[in-house]
Amino acid sequence: DIKGHVAVVTGGAQSMGLLTSKELVKLGAKVVIGDVLPVGAEEVAKINAEAGSTVAVFQTCDVCDPDALQALIDRAVSEFGRFDILVNNAGVLDKPWEQDPTGEYARRCIDINVRALIDGTNRALHHWSQEEGRTGTVVNLASSAGYAPISFMAAYTASKAAVIMYTKSLASLAPKVRVNAVAPVWVDTKFIMA
């Protein structure tokens, strides 16, 4: 039961992140959506209008900036009085090596899909460790690509394999903090079309 809990969703302005945010609200949670896309503000306005109250807020967030990740947690606490759930949804694809001669897209993919996910999780764990008996939940967006190599998305595949192993490595935190991952197959979203 997550009624009354407060979630932070990275990459929550569109596609799976937005659907996750809406589902959390439907289940009774309040949500802080962080994204680099300004459309997040419009989506939050729609969510609040449908709910008839402020159940969601938007904050511009580049997940590669650790201070911006901390600001999402701080916003959850200042806006809604608590922080209970982190959904590490932000992610990008890379390009085949033939189209990425300098490795720019591969580095960006690893930075957003792995490093930022770990940075956000570390900040959430630190937040929850400050209070005796405090619990929390982390949900990491992995992918079926983390289990099977895809030659034209090698960095993406490697990043999602890292997310899966990172998640498994934090299983020992339960029951104080539950860390889980979901690994969908191809999903028809703007993400795939990007």
Side-chain angles (χ1 to χ4, degrees), residues 1-64 68-69 71-73 75-76 79-80 82-94 108-109 112-114 116-121 124 136-147 150 153 156-157 159-164 166-167 177-194:
D1 183 11
I2 63 169
K3 189 171 184 180
H5 288 195
V6 178
V8 166
V9 180
T10 65
Q14 68 177 8
S15 301
M16 290 179 64
L18 181 58
L19 292 172
T20 300
S21 298
K22 288 178 177 180
E23 188 64 23
L24 287 165
V25 167
K26 190 191 308 183
L27 294 171
K30 295 184 177 171
V31 181
V32 175
I33 293 175
D35 207 306
V36 293
L37 301 174
V39 70
E42 297 167 29
E43 294 298 341
V44 160
K46 292 176 194 173
I47 292 169
N48 289 334
E50 188 173 320
S53 64
T54 301
V55 294
V57 294
F58 174 73
Q59 183 155 315
T60 302
C61 176
D62 176 354
V63 295
C64 289
L69 291 169
L72 291 178
I73 294 171
R75 181 79 184 272
E79 197 78 35
F80 299 120
R82 57 188 295 161
F83 166 58
D84 307 286
I85 303 164
L86 172 62
V87 180
N88 284 310
N89 172 73
V92 296
L93 298 172
D94 65 326
R108 181 173 175 258
C109 182
I112 293 172
N113 296 2
V114 182
L117 180 142
I118 292 171
D119 287 349
T121 301
T137 301
V138 177
V139 179
N140 294 325
L141 260 289
S143 168
S144 60
Y147 294 102
I150 301 173
M153 292 191 316
Y156 178 79
T157 301
S159 75
K160 293 306 182 175
V163 168
I164 292 165
Y166 178 72
T167 302
V177 178
R178 293 175 299 143
V179 183
N180 291 286
V182 293
V185 295
W186 291 99
V187 179
D188 185 12
T189 67
K190 291 179 182 178
F191 179 76
I192 295 298
M193 303 309 292

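What's counted below: heavy atoms across the whole structure, side chains too, no hydrogens, waters or symmetry copies. Just so you know, residue 1 is the first one in the sequence shown, and it goes up from there. Because the structure is predicted, anything quoted here is derived from the model rather than measured.
Within the model, atoms OG1 of Thr54 and CD1 of Ile47 stand 11.5 Å from one another, a figure rounded to the nearest 0.5 Å. Taken from CD1 in Ile112 to CG in Leu117, the straight-line distance is 12.0 Å, to the nearest 0.5 Å. Between the OG1 atom of Thr157 and the OH atom of Tyr147 there is a distance of 13.0 Å, given to the nearest 0.5 Å. A distance of 5.0 Å separates CG of Leu37 from CD of Gln14, quoted to the nearest 0.5 Å. In this structure, the separation between CZ on Arg82 and CD1 on Ile73 is 14.5 Å, given to the nearest 0.5 Å.
Take Ala7 and apply the side-chain contact (heavy atoms from CB on, under 4.5 Å) test, not counting sequence neighbours, and it matches Leu24, Ile85. In this view, Arg178 satisfies the salt bridge (Lys or Arg N to Asp or Glu O under 4.0 Å) rule with no residue, not counting sequence neighbours. With sequence neighbours excluded, the residues forming a side-chain contact (heavy atoms from CB on, under 4.5 Å) with Ser159 are Cys109, Ile110, Asn113, Val114, Tyr156, listed by chain and number. The ring pair (Phe, Tyr, Trp, His ring centres under 6.0 Å) test applied to Phe83 returns His127, Trp128, not counting sequence neighbours. With sequence neighbours left out, the side-chain contact (heavy atoms from CB on, under 4.5 Å) criterion links Ala161 to no other residue. For Asp119, the salt bridge (Lys or Arg N to Asp or Glu O under 4.0 Å) criterion is met by Arg115, not counting sequence neighbours. In this view, Thr20 satisfies the side-chain hydrogen bond (donor to acceptor under 3.5 Å, both in side chains) rule with no residue, not counting sequence neighbours. Residues forming a salt bridge (Lys or Arg N to Asp or Glu O under 4.0 Å) with Arg75 (at least two apart in sequence, or on another chain): Glu79. Residues passing the side-chain hydrogen bond (donor to acceptor under 3.5 Å, both in side chains) test with Asn140, sequence neighbours excluded: Asn88, Thr167.
Listed by first and then second residue, the salt bridge (charged side-chain N to carboxylate O under 4.0 Å, His left out) pairs involving residues 9-21 amount to none (not counting sequence neighbours). Pairs of residues two or more places apart, or lying in two chains, never qualify as side chain to side chain donor-acceptor pair (under 3.5 Å) while including a residue from residues 33-46. Pairs of residues two or more places apart, or lying in two chains, that qualify as salt bridge (charged side-chain N to carboxylate O under 4.0 Å, His left out) and include a residue from residues 12-25 are Glu23-Lys26.
Nearest heavy atom pair, residue Ala145 against residue Ile150, reads CB-CD1, 3.7 Å. Of all non-hydrogen atoms in Val8 and Ala76, the two that sit nearest each other are CG2-CB, 4.1 Å. Smallest separation of non-hydrogen atoms from Leu72 and Gly34: CD2-CA, 3.8 Å. When all heavy atoms of Ala56 and Val44 are compared, the pair lying nearest together is O-CG1, 3.2 Å. Across all non-hydrogen atoms, the minimal contact from Ile33 to Ala13 is CG2-N, 3.8 Å. Contact record, Ala116 with Cys64: CB-N, 4.4 Å, taken as the closest heavy-atom pair.
When atom types are taken as modelled, the side chain of Asn180 and the backbone of Val139 share no donor-acceptor pair closer than 3.5 angstrom. Under the 3.5 Å distance criterion, the side-chain polar atoms of Lys160 are matched with a main-chain donor or acceptor of Leu141. Side-chain atoms of Asn48 come within 3.5 Å of backbone atoms of Val55 as a donor-acceptor pair (strictly under, hydrogens ignored). For the pair Thr10 (side chain) and Asn89 (backbone), a donor-acceptor distance under 3.5 Å is present.
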Discussion item. Quick one, Tyr166 with Val179, criterion side chain to side chain contact (heavy atoms under 4.5 Å, CB included). Give me CA distance, side-chain angles, the key distance, then yes/no.
Written reply: CA-CA 10 Å; Tyr166 178 72; Val179 183; 5.8 Å; no

